[in-house]
Structure formats: structure tokens, C-alpha cells
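Residue numbers start from 1 in every chain, and the chains themselves are labelled A, B, ... in the order their sequence lines are given, proteins ahead of strands.
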Number of protein chains: 2
Amino acid sequence: MKRRLPSLNALRAFEAAARLGRMSAAADELAVTHGAVSRQIRHLEEVLGVPLFAGSKARPTLTDAGRALLPGLTDGFDRMDAAVRACVDADGATLDVSCLSTFLMRWLIPRLHRFNAANPGIDVRLRAADQAVDIDRERFDVIITVDESPSAATPPATLTLFAEMLGPVAAPALLPAPSPDGAADLRPLPVLHTKTRRNAWAMWSAAANLPPPDPARISTEFEHYYYTLEAALAGLGVCVAPWHLVADDVRSGRLLAPCGFHASGYVYVAQWRRRNRKTERFCAWLAEEAAAIAAAPQAFPPPADLPNS
Amino acid sequence: MKRRLPSLNALRAFEAAARLGRMSAAADELAVTHGAVSRQIRHLEEVLGVPLFAGSKARPTLTDAGRALLPGLTDGFDRMDAAVRACVDADGATLDVSCLSTFLMRWLIPRLHRFNAANPGIDVRLRAADQAVDIDRERFDVIITVDESPSAATPPATLTLFAEMLGPVAAPALLPAPSPDGAADLRPLPVLHTKTRRNAWAMWSAAANLPPPDPARISTEFEHYYYTLEAALAGLGVCVAPWHLVADDVRSGRLLAPCGFHASGYVYVAQWRRRNRKTERFCAWLAEEAAAIAAAPQAFPPPADLPNS
DNA sequence: TTCATTCTGTGAGTTTACCGCACATAGGAT
DNA sequence: ATCCTATGTGCGGTAAACTCACAGAATGAA
């Protein structure tokens, strides 16, 4: 006897609302508006020909029919969810990674060829996401982000990659001849800012215990950190950059960091929900790569008055 | 941990295709085209990041991932289906009845008040359906139809209501004074036909062993049997009518049936899939009502040459 | 009581998912 | 070789589903 299921989306909306007791809560869980849930449930009631919720509009309660319907649906959805999880945990499925966009472009992608070479069977799918990603809702295997508020009720597994170290960098062509100790005078240089991280200079100055640059100095603001770094490389001015994003450039001499780097307080972390072979391999590789660039020249003795007047 | 299910419709399409082994079969089951199933599965593969079918296009086979996904989905959908069935079987739900439209209007609806009075807790929802209704696919509790091809592999439970008895009827005002034996001369009357049942006169003439009306006679064709009956009642001519639809009119004298009625071979039946309290009550009531009108005057001696020249 | 808050119901308008159609493509069978 | 069967896909249309904004109704606090 064939199945005769009503709209699956309506069933899902009802299941969430019935389980949580409120349509608004279901709307949150399903990432839709309460109106959408309300309509879906009404539609389901019409199709089935039986009221599922009753009582006051502000505090609806399940009817007998609703109570009869709920457990089977919850069970059914749970089983389907388990099946999907098992499927995407299999080795053949891609490894989905969410990552801060600048980190993605300047750190992860340049190194990823090594992971691919070592793990030819694992297909990595990258996605740039600069706003907070809800690891409970989105289907990512690993999320690389900065640890700001470790307040989640059930915190996901977390691998600390490294603490962010900030320091001013600029192209060598822009700087006057460095003094014998390697320091250079940054004061005359234009200052580069980034719209999405306006507190970069302030964070650095607090961490380095040095005054921020004079607001009166020539400055340019870019939409994206990636542009700012490119601008610094192109010799447009000096910007505050995280060590891990410029380590290769500093080591190769494409950028100079005359003031060294200081911890900003941010910590880069990789988070995951389910440990499987793919996730383990990737996180292990991340840890290796992170360790390889960990030695930031934070001990570099900065000239006392360099960055500002 | 919240669920992270991909599109439910895509999951359903995959489940059907994987279970049946062919996308076309899934398309049949889901009552969509094969293209729709193909797209849904491709979409699912993209979202999950894992191929589910492989092999030749003409004979796709499940991948390991697909095999891992299928049983959980089947189980989940089955549980949901069971929950929905239990819910609609509950007393609070409506009783959904599909019915041939003329039968609905001229037989079921006029009698339904008695069912409602006797079963105030059961809400009947009627739907007219003149083409064949697949009781396995549509969500009806009872389907009233004519038994034509009892060839279904797993025939549903069936209640025979009565055999169809056909006979010519006309309004008394249209007929000349009847002869002493109650017969009347139908020959001069216009003949009423129905588009959806053009074989009515032929069926009757075969059953009654009388010649069909002369095609040269004045005739009118109506779109729907209901109109034809109304036309006969209004004195527009003579039509072949099933006894159960005109019994009340004949008994009250609004229609005359000078030739009596003869079995057409069609049998009216009620079918259902799941027996529950509502279905039982309704079918029992149907049987009662059917029995109450069963006595068609088929023994009425027709004049040998009445209907035709 | 009265007001503020919270939650659901709903009309209007918009987006998007989904589907059908028609054709292309590709194995497998006779 | 040719037919048959089954899936892949571009295009276009439609209905489902959603958002928005507002209304209505119950709860709790002042």
C-alpha cells in the first residue's frame, strides 16, 4: 500500500511546533517566520481534516490528533536525519569547510595543495563566511573562525590553531632605509584601514602598548581585509596585519614588519560536530600547518615612538 | 543537536528511486515525470556532496553512500506515514468520500442528512470524481464508483451497493394519456443524450432487448448526466436513467418510466482501504440506504414497440 | 483596569522551488 | 543496424512557500 503523505514541509513545520510547544520557536528552528509555520500547520490541518492545535491563539495546545501525530513524525525525521548524517560521514562525501574569507584566501587556499596531495580521496569544499556560522544548523564538517564567545551551551569540539598576533606591515619600497637594528620609521606612511575590522589599529596599539596612528595622517579604508593586505603589498601604505596572514611575505621580504607582532586576544579555532575520518585528517593537517607558522617575531624590539608622531 | 535535513522532497524522490531501482518507477509512484525525479536526485547529490547513483545512465546503480542512505529514509518515511494514518483514522478527523458526480448530487447528498443526524461526530467531506480514482494514492476513506474492472492486484475491500438498472424516463406532462396498463407511447418524444455516457441508450436496448431510438428523431445532448436528468424532469424529452437516480421521482410521479428498468451490467460499489469506526459507520449506512431503494420495477411489462418507430 | 508584551492569524505581494514538456543521449536487446 | 527503454537537461510556467506588515487575542504586570 503506497504512502499517502501530505506536504513534507508542512509535516516538518508541525513537528517542530508541536515538539517545541510554540510556533515561533519552530519558526526559529526552521529559520523562517512564524507566519510561514502558521500557514503550514493550517494547511496540514486542512489536508488531514483534523485540527492539530486548539486553545487560545496565544497559547495553543495540541489536540488529541496532534498528540497522536507528533511522536511518529519526530521519530521519522530523526531516523532520516541519522541516515543523512551517516551518508555524509562516509568517505566518499565531500568535506565541507566554512572559513573566514581572508583566512581562506591568504592562509587556507595557499596551503591546501599539501592536504590534497596527502589525502587524494578527500574532496574539500570551501565556503567563505565572515558572519557567525551556526554549526548546529549549517551542514559543515569543519568551521574555522575566531573564538570570541565560548558561551555555547553544548560547545562543539574545538581545535585551537593559534593566537592572533597583530603588527604593522608595509612594503620595503615604501620604507626609508632601515636603521641598523632593522627598525624603520613608519610615521610618514599612509595608514590603511579596513571597513570590516576598524578596531585593528586600536587592538594592536593596546597589545603593543604603543599609541595608535595619528588620525590626521593620510589614510585609506578598504571594504575587505584582503584588499588592505594587497594594498600594503603594493606599497600603498602601512596596515595592521595578523602574523599568520603575512608570515610568508615577511619571511620572503615582500613585507617588512618593523614593530613586530603582539597578541590581539583573538584565537583562531577549528570547530566540528562529528568526528569522522575526513574531519580528523583535516584537523590534524590544520594543526600541523598552524604549528609551522607559529613563530611570530613578537620579541622584535620596536622603536618606542615609531607608529605615531 | 538540531537536524540538518536537505530538501525533504529530494529525499523522498531519492528514497523512491533507490527502493524501486529506477527513477522512472519512482516518478510513477510519486506521480511526477522522470525529469523531476532526476533533478531532485541530482540536487540531493550536490547538497550532500556525494554521488548516490552511479553506473550507466540507462541502468543506474546505488553507490555505497546511496546504500547507506536508503534504509534510514525508508524507515523514516514509513514511520511518518504510519503516524499520519493513525491521525486521520482518529474519530476527530473528517471522513473523506470520493463519489461519481451524478451519484453524488442525486443520490448521496439528498440522503446524507440522515447519516449526519445518526452520526453527529463524523464530518463527511465529499468530492466528486468521475475519472478513476486510485485508492492507493489519494487520501480517501471511501470511494463510491462503478465496478468495471475488478483486476486490481490487491483489491480493496468492496461493498456492493446495487446493480445499475436502466430505463427510459420522461415527465408526465410530456406524455400522452397513458393506456390502461400504464404504458405510454414514447415514440414521438425528443431523445436526450449525455456526452459523458453516449452508450446509455445502447446499453438499455441491449439489456431490455428492445431497439434503440431512431437516430433521426429530435435529440439533444448534454454535457453532464445531471443536466440530462434535469431536462427530463423539465419535460424536454425522454432519457435513459438509472433507477437509483430517479426512484424518488418515479415514485412521486414527477417522472414516468413506462418501459421499466433493466440491469446494465454496471454495479455500484463502495471501496475502502482501512477499516475504522468512521468507515464502518458510513459503509453500513450506505448499505442500508442502497437496500431501501433496491426495488426497481424491472418486471414492468414494456410494450413491444414503444421506444422506436 | 489599563497597558505592555507576547504570540498567532491573515491579506497582499514576491520569490523560488518544482514540475512538465520536448528533445538529447546512451546503453541494451532483438 | 535499429529499436526500445531509461536518464539528462534547457526552457518556460505555475503553484507552493515565504516575507512583510498589521491585526487580534491572551497573559502578566503596574
Face-to-face contact His34(A) to dC7(C) six-ring, under 5.5 Å, under 30°: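 No, His34(A) does not stack on the base of dC7(C), since the centre distance and plane angle fail the 5.5 Å and 30° test.
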Nearest whole Å is fine: how far is [N] [atom2] from [X] [atom1]?
X	N	atom1	atom2	result
Leu8(B)	dT16(C)	CG	C1'	16 Å
Glu45(A)	dT10(C)	CD	P	10 Å
Arg12(B)	dA17(C)	CZ	C1'	14 Å
Met23(A)	dA25(D)	CE	P	16 Å
Leu20(B)	dT5(D)	CG	P	19 Å
Leu30(B)	dG20(C)	CG	C1'	15 Å
Asp28(B)	dG20(C)	CG	P	11 Å
Arg59(A)	dA26(D)	CZ	C1'	11 Å

Would you please confirm or rule out a distance under 4.0 Å between OP1 or OP2 of [N] and any side-chain N or O of [X]?
X	N	result
Arg22(B)	dA6(D)	yes
Ser7(A)	dA17(D)	yes
Asn9(B)	dC18(C)	yes

Donor-acceptor side-chain pairing of Asp141(A) and Thr279(A) below 3.5 angstrom: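 No, no side-chain donor-acceptor contact under 3.5 Å.
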Pair His43(A)-Ser7(A), side-chain donor/acceptor within less than 3.5 Å: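 No.
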Which pair of heavy atoms, one from [X] and one from [Y], lies closest together, and at what distance?
X	Y	answer
Phe222(B)	Thr228(B)	CB-OG1, 3.4 Å
Ala270(B)	Leu286(B)	CB-CD1, 3.8 Å
Arg125(B)	Val47(A)	NH2-O, 3.2 Å
Leu48(A)	Ala93(B)	O-CB, 4.1 Å

Pairwise N/O distances under 3.5 Å, protein to nucleotides 12-14 of chain C:
residue: dA12(C); atom: N6; partner: Arg39(A); partner atom: NH2; Å: 3.3

Heavy atoms from other residues, nucleotides or ligands near CZ of Arg127(A) exceed 12 (cutoff 6.0 Å): no
Selection from [options] that lies nearest to any side-chain heavy atom of [X]:
X	options	value
Arg42(B)	dT8(C), dC20(D), dG8(D)	dG8(D)
Gln40(B)	dT19(D), dC19(C), dG20(C)	dC19(C)
Ser38(A)	dT8(C), dG9(C), dC19(C)	dG9(C)
Ser24(A)	dT19(D), dG8(D), dC7(C)	dC7(C)

Most 5' of Pro60(B) and His43(A) on DNA chain D, judged by nearest nucleotide: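 The residue mapped nearer the 5' terminus is Pro60(B).
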Donor-acceptor contact present, side-chain Glu45(B) to main-chain Leu52(B), <3.5 Å: yes
Touch class at under 4.0 angstrom, heavy-atom based, for Ala17(A) against every strand present: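 Since no nucleic acid heavy atom lies under 4.0 Å of Ala17(A), the category is nothing.
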